[in-house]
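In what follows, a single structure is set out as structure tokens and then discussed.
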Amino acid sequence: MSALEARTESVGGPVQLSVAGVAKRFGGVTAVQDISFDLRKGQILSIIGPNGAGKTSLLNMISGFYKPDSGRILLEDRDITRRKPSEVAALGIARTFQNIALFSGLTVLDNLMLGRHVRMRAGVFGSAIYWGMAQREEIANREVCEELIDFLKLQDLRKQQTGALAYGLRKRVELGRALALEPSVILLDEPMGGMNQDEKEDMARYILDVNQERGVSVVLIEHDMGVVMDISDHVVVLDRGRKIAEGTPAAMQREPAVIEAYLGTKS
Amino acid sequence: MTQFNSGLADSPATSTLPKLLERNAASFGHSPGMREKDFGIWKTCSWQDYLGNVRDFALGLAALGFKRDDKLSVVGDNCPRLYWAQLAAQALGGIAVPVYQDAIATELVYVLDHAEVSVVVAEDQEQVDKILSLKDELPHLRAIIYDDPRGLGSYDDAMLQSVVATRRSGQAFGEANPDYFARELAQGTADDVAMIAYTSGTTGRPKGALLSHRNLIATSETYFKVETAKAGDNWLAYLPMAWVGDTIFSLSAALVCGVTVNTPESPETVRRDLRELGPHGIVAPPRIWESLLTDIQVKAADASWLKRRTYNYFADLARRRELMKSDRKPIPFATELAYRIGDVIVYAPVRDQMGLGNARWALTGGAPLGADTFRFFRSFGINLKQIYGATELSALACTQSDADADPNTVGQPVPGFEVRIDDAGEVQVRGPGVFVGYYKQDDATRAAMTPDGWLKTGDAGLISPDGQLAIIDRAKDVGKLSDGSPFAPQFTENKLKFSPFIREAVTFGDGRPFVTAMIAIDLSTTGAWAERRRLPYSSFMDLSRKPEVAALITEEIAKINTTLPEPNRIRRFLLLNKELEADDAEITRTRKVRRGFVAEKYAGVIEAFYSGAGNVEVTMDITFEDGRKTTLTSNIAIHGGSPAAGRKAA
């Protein structure tokens, strides 16, 4: 009956985001080596692996912060490998950061409105006199943000500066900021890092809602295995820059290579 | 402005709540009937749309087979759809059973089963989950209608349907049966039962008080002969819908007077919504007045030196002026002049901050409010008055006039009501609000009424020579110390709760040599106090154990003791390491202490108070929101002198 149980059905739409043989070196260090995976429409895909496995580097390549040295990244058959971050965002890939990246002096609402920036067309001049298109655009954008405020239950914090908010709430605002882009894919880099159990449960609930209610595909980096196993449709396991396994959460729990990477082998 | 004739309940055109809605839709048409804040914007619904929504919903219920005398329950935070649902059920001759939205599953199942509820209208997924988990225990339940569809997309229970779908099927039903709604509405009479209000029950199981349309309409009508409410006024509906007072104000009185009811965006935004709206009148239980006062006190303490000095000066001036007024002494010209200046620079801005700038009246009821708290609001120019009532009295039996507002009385009977005190000192009431009876509990009904038709309220009280009723305490709670001096626990607790650092207090003393108190500190104010002193703490429990906090409360109690009669002074106390919780059954959902239950639960503590022990081992059951239970054992220190020293001082 509950939404959680519904997750056990496998989700398999057409391929939405395809990562094909990407690699990235920093000087002599190989951060990511020949990694491929497909994110299907409507999936929650988790990337797991020990520290330094290359998870965040991989997200950075998808979102355009890093340029891969080789390999290709396709968003619905469109090559986005060498696109700038702003172009990737405009194409519908939003992300959150491991270390919260909000404007702490701005209100929750303003942070969300900023998330709409790539969707806005009015220029500096039009916005300054707030007339015609600029005004219509502002109202339409405010509507999107208000809907998100409702979705994430931030009504009472609308006009509060984000710097003054508790950590868990800031993470939630950051999710809202990413959603304000109206993405088709959202990349979440440790959305539950540093949270207590209650906050984690709330966040897991929101991620499921983002996925189910808003139809956004999710790429999730998370260390809490309980959460990963509960909410993911598909798991990709990295170790030292390589993909060592992928499959359903249940299969990954049994996979010897995964157990080895996490626990080490008997010598 | 339309003037209404008296005796609405006696006229067939206005004898039920939904008929009043129809009248308002005809006379007010497109002016605002209800307003809801959603997505950050106040959205208005005209009286005609209000009626249209109720009609569609009623026909949607009819399509589900909802009939006369069927019961519909609403569970959730205040929102227009939940009010429409109740009126829709009443339009078909059904009965509304609002329940507390924060009730845990085991409490809900008792009420829903006892009332034989067939349709539940739930606000959101959380409430739907609760009801679905109880489905097997509710043989009468036929449908669950939800308002907010979020998270419910994958639910496939056949009982579930949305408010939108209900209205749509109602429109289709209406096209097939064009006269249905009008016919059903016309069949309603004033003596039909409109609602079952389950009493919060400070003792035992909740009882379902049956209230007729006549009870609700006549009480509202007579009450608003002595209080002002104009068509087009705004009120904020934010109190639990299950409390009878909410039905009286947000449905009955609002319909009788043509007042626009506004609902807040979420429970967390009530204070901000209140300020945006600036309602023309407000009802709040003592709990809210206490927390408003605490807020002001904290903000004043944290303000800059100049602001703090200004506030303190004018707050003190206002207090002195208020005392002169209540003693009916002449107010010196200089004081009055300074007060006028204070009104501009302090009182009016504070009123505005609270959202009470437009309020012609503010009411407190449900439980007594401490005299100092009461006077504070009056001194700041807020027309705060006490009301007195009970669920069995449709909430409003006595009220104060603007001139006679006094913290020690609850005013005079509203026209049409009569009050008397029986030989044992119990308050008894007769009038149009007296309920029909308890649902399926005739014994309890007989026990609650005198043979000559007066309701026994269970409150101990007296009537002053000028006709003002004063409530002393719950009759069964008033006791005597072992030396024979009278002891009223609630009176003492209200004194304690005036301290901003004390959130809840339970006092003991009946049959004992002296008075003792269990105190729950106020986490926000005591926490802020600790922060100002750079006193680190991790949790409520940790804070309550700090010796500095014990010293602070000792000082507060010493101050309060000077205002108490000598024998009633508090000699020993302890600081609870958790707040009193409705989920643990220690207080009711309306935050009244369930004294008998607490005394039993903390029997060991009470023993230790009087045995002279320095600390006590307490084992507590803690109930989580989902109904799971756990126990917590901890050692709590008892403060104050030893009992021997206490007796010496006494």
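Since we're looking at a predicted model, the values are computed, not measured. Below, chain A is the first sequence line, B the second, and so on; all start at residue 1. The basis for the numbers below is simple: all heavy atoms, side chains too, and nothing from hydrogens, waters or symmetry mates.
- The CD atom of B/Gln125 lies 7.0 Å from the CG atom of A/Asp209; values are rounded to the nearest 0.5 Å.
- Between A/Leu152 and B/Arg150, the closest heavy-atom pair is N-NH1, 4.5 Å.
- At most 12 heavy atoms of other shown residues, nucleotides or ligands fall within 6.0 angstrom of atom CG in A/Asp77.
- If you measure heavy-atom distances from B/Asp38 to chain A, the contacts under 4.5 Å come from the side chain alone.
- Here the straight-line distance linking atom CD of B/Glu265 with atom CG of A/Asp150 works out to 7.5 Å at 0.5 Å rounding.
- Although no hydrogens or angles enter the test, the distance criterion places no donor-acceptor pair under 3.5 Å between the side chain of A/Gln212 and the main chain of B/Gly151.
- Neither the backbone nor the side chain of B/Ile41 comes within contact range of chain A, judged by heavy atoms closer than 4.5 Å.
- Atom-to-atom distance recorded for A/Leu154:CG and B/Thr269:OG1 is 12.0 Å, nearest 0.5 angstrom.
- Rounded to the nearest 0.5 angstrom, A/Arg142 CZ and B/Phe39 CZ are separated by 12.5 Å.
- Take A/Arg214 and apply the salt bridge (Lys or Arg N to Asp or Glu O under 4.0 Å) test, not counting sequence neighbours, and it matches A/Glu147.
- By the 6.0 Å contact criterion, OH on A/Tyr167 is enclosed, its count of non-hydrogen atoms from other residues, nucleotides or ligands being greater than 12.
- The environment of A/His223 atom NE2 is dense: over 12 non-hydrogen atoms of other residues, nucleotides or ligands sit within 6.0 angstrom.
- Put simply, the side chain of B/Glu268 does not reach to within 4.5 Å of the side chain of A/Gln155, judged on heavy atoms.
- Surrounding NZ of B/Lys299 are at most 12 heavy atoms belonging to other residues, nucleotides or ligands under 6.0 Å away.
- Legend: residues meeting salt bridge (Lys or Arg N to Asp or Glu O under 4.0 Å) with B/Asp246, ordered by chain and number and at least two apart, are absent.
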